[in-house]
Amino acid sequence: MKITFDEEKCCGAGQCVLVAPEVFDQDDDGIVVLLNPSPSDDLREAVEEAAAVCPANVIHVE
């Protein structure tokens, strides 16, 4: 699994952190921080849900 995101378009809603805190965090400005760019497959469902609930649609999962 490969995760990419567009930091400039992140609106800092924090939905990704709520859904997959093992993979995502936020910096002091609320912008997404990727903690683990290649998480194990057991986190795929959470990562895909994080991408789906992102209001700015900036998280992409391959």
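Below, all heavy atoms of this structure are taken into account, side chains as well, without hydrogens, waters or symmetry copies.
The closest side-chain heavy-atom distance from P37 to K2 is not below 4.5 Å. L35 is not listed as a side-chain neighbour of F24, based on a closest heavy-atom distance of 4.5 Å or more.
The side chain to side chain donor-acceptor pair (under 3.5 Å) contacts involving residues 52-62 comprise nothing, where partners must be two or more places apart or lie in separate chains.
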Donor-acceptor pairs under 3.5 Å, side chain of residues 38-47 to any protein atom, not counting sequence neighbours: which ones?
| residue | atom | partner | partner atom | Å |
| --- | --- | --- | --- | --- |
| S40 | OG | D42 | OD1 | 2.1 |
| R44 | NH1 | E48 | OE2 | 3.1 |

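Here V53 is tied into one hydrophobic group with V19, each link being a pair of ILVMFWY side chains closer than 4.5 Å.
The CD1 atom of I59 sits 11.0 Å away from atom CG of D6, with the distance rounded to the nearest 0.5 Å.
Residues passing the salt bridge (charged side-chain N to carboxylate O under 4.0 Å, His left out) test with E22, sequence neighbours excluded: none. Applying the side-chain contact (heavy atoms from CB on, under 4.5 Å) criterion to Q26, with sequence neighbours excluded, gives V17. For D27, the side-chain contact (heavy atoms from CB on, under 4.5 Å) test picks out D29, I31, V33, with sequence neighbours left out.
Taking both residues in full, the closest heavy atoms of C10 and G30 are given as SG-O, 4.3 Å, listed atom of the first, atom of the second, then distance. Closest approach of A50 to A20, counting heavy atoms only: CB-CB, 4.5 Å.
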